[in-house]
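Here the structure comes first, spelled out in structure tokens, and everything after it is commentary.
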Amino acid sequence: EQLNRRLRCRFSCDMAGVAFPRKRLRRNFTAETIAKRSRAFEQFLSHLHSIDEIRRSPEFLEFFFLPDLQAAQRLTCTGMYREALATWANAYRLQDRLGVCSSGRFLLTLAGLAVCHQELDQLSEAHGYCEQALQLLEAQGSHPLLGPFLQAHVHLAWKVGKDKRRSEARLQDLREAGLPLQQQPSLKECLIKEPLE
């Protein structure tokens, strides 16, 4: 209901033809009523997802994965990496299903997965998430997470015996462009400091 209200305030024209599942006055908790409302809610969400502007809106996306990102960040900050990893992984799946894998939130999720795997000494997995992030950042000349991801990738590639030359070359390009990499926060510091509201 809260999602419906927020979307109707912001996207009144787009939401005009979208039906929200109504409550019944009686027998709200019968299996049949719950099943009908559940199907109606799925149809409601599918309809919303089919509207580009709504699908990309913070209100819609926040409904699905922002609580997971906030919980994962809190767990990571307190050193509960195994618990955080499960929550980051859930947020990853949700964003993948929603098709928002090029967003800043998805890069933050990849950072969370890389950091937690690294802290749990699962270095190959951490390396893989850094590679995925760097592929997404390939076309971007500058991004606040580019330097930290490159530095983490070089370190992890060295640890797991993978090729790190491309990341080293990109780091060198950043240095030559004047980016003070020694003053850049680590991937973990970026993850912890990122405001998730």
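Every value quoted in this text rests on a predicted model; they were computed, and no experiment measured them.
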Any side-chain heavy-atom pair from V18 and I51 closer than 4.5 angstrom?
-> yes
Value for NE2 (H155) from SG (C130), rounded to nearest 0.5 Å, stands at 10.0 Å
Give a yes or no answer on whether the side chain of S38 reaches the backbone of A35 with a donor-acceptor pair at less than 3.5 Å.
-> no
Starting at OG of S57, measure out to CZ of R6 and round the result to the nearest 0.5 Å.
-> 8.5 Å
Could you grab the distance from atom CD1 of I192 to atom CZ of R74, nearest 0.5 Å is fine?
-> 14.0 Å
Do E131 and K162 touch side chain to side chain, with heavy atoms closer than 4.5 Å?
-> no
CZ (F64) and CG (L3) are apart, to the nearest 0.5 Å, by 7.0 Å
Give the cluster check for M80 versus W88: same hydrophobic cluster or not, with ILVMFWY residues linked at side-chain heavy-atom distances below 4.5 Å.
-> no
For the student: nearest non-hydrogen atoms of A16 and R8, plus distance | N-NH1, 4.3 Å
Out of curiosity, does L85 fall in the hydrophobic cluster containing L187 (side-chain heavy atoms, cut-off under 4.5 Å, transitive links)?
-> yes
Residues in side-chain hydrogen bond (donor to acceptor under 3.5 Å, both in side chains) contact with E119, at least two apart in sequence or another chain = K188
L145 to C190 - nearest heavy-atom pair and separation | CD2-CB, 3.7 Å
Would you confirm whether Q73, through its side chain, and L191, through its main-chain N or O, come within 3.5 Å as a donor-acceptor pair?
-> yes
Return the orientation label for the Y129 and H117 ring planes: parallel under 30°, perpendicular over 60°, tilted otherwise.
-> parallel
CE of M15 to NE2 of H47: how many Å apart, nearest 0.5 Å?
-> 8.5 Å
Do L136 and L110 come close enough that some side-chain heavy atom pair is under 4.5 Å?
-> yes
Only residue of T109, D68, N90 satisfying side-chain hydrogen bond (donor to acceptor under 3.5 Å, both in side chains) with Q95 is T109
Gap between atom CZ of F106 and atom CG of L69 - 0.5 Å precision = 10.5 Å
Would you find a donor on one side and an acceptor on the other, under 3.5 Å apart, between the side chain of S12 and the backbone of C9?
-> no
Are R55 and D52 ion-paired here, with the side-chain N under 4.0 Å from a carboxylate O?
-> yes
Below 4.5 Å, heavy atoms only, C-beta onward: do H143 and F149 meet side chain to side chain?
-> no
Are Q151 and S186 close enough that some pair of their side-chain heavy atoms sits under 4.5 Å apart?
-> no
Exam field: side chain Q43 to backbone A19, donor-acceptor pair closer than 3.5 Å | no
Minimum side-chain heavy-atom gap T87-E83 below 4.5 Å = no
Which pair of non-hydrogen atoms, one from A126 and one from A114, has the smallest distance, and what is that distance?
-> CB-O, 3.3 Å
Judged by modelled atom types alone, do Q172 and E176 share a side-chain donor-acceptor pair under 3.5 Å?
-> yes
Of the non-hydrogen atoms in R37 and P21, which two are nearest, and what is the gap between them?
-> NH2-O, 3.7 Å
Take Q2 and F63, measure what side-chain contact (heavy atoms from CB on, under 4.5 Å) needs, and give me the verdict at the end.
-> CA-CA 9 Å; Q2 185 180 30; F63 175 78; over 6 Å; no
Check the pair L134, L150 against side-chain contact (heavy atoms from CB on, under 4.5 Å), reporting the backbone distance first and the verdict last.
-> CA-CA 7 Å; L134 290 174; L150 285 168; 3.6 Å; yes
Is there a path of hydrophobic side-chain contacts, each under 4.5 Å between heavy atoms of I, L, V, M, F, W or Y residues, that connects L107 with L156?
-> no
Give the ring-plane orientation class for H49 versus F60, where under 30° counts as parallel, over 60° as perpendicular and anything between as tilted.
-> tilted
Report the C-alpha separation of L196 and L108 in whole Å, then their side-chain angles, then the decisive distance to 0.1 Å, and conclude whether the side-chain contact (heavy atoms from CB on, under 4.5 Å) test is met.
-> CA-CA 10 Å; L196 285 171; L108 190 69; 3.5 Å; yes
Tell me, with the steps shown, if E138 and R166 meet salt bridge (charged side-chain N to carboxylate O under 4.0 Å, His left out).
-> CA-CA 11 Å; E138 186 79 36; R166 184 161 185 195; 2.4 Å; yes
Identify whether the distance between the nearest side-chain nitrogen and carboxylate oxygen of E62 and R105 falls below 4.0 Å.
-> no
side-chain contact (heavy atoms from CB on, under 4.5 Å) between Q132 and L113: does it pass, once the steps are laid out?
-> CA-CA 11 Å; Q132 188 176 353; L113 289 164; over 6 Å; no
Does L94 share a hydrophobic cluster with L48, counting links as ILVMFWY side-chain heavy atoms below 4.5 Å and allowing steps through other members?
-> yes
Common cluster, L7/F41, ILVMFWY with side-chain heavy-atom separation under 4.5 Å = yes
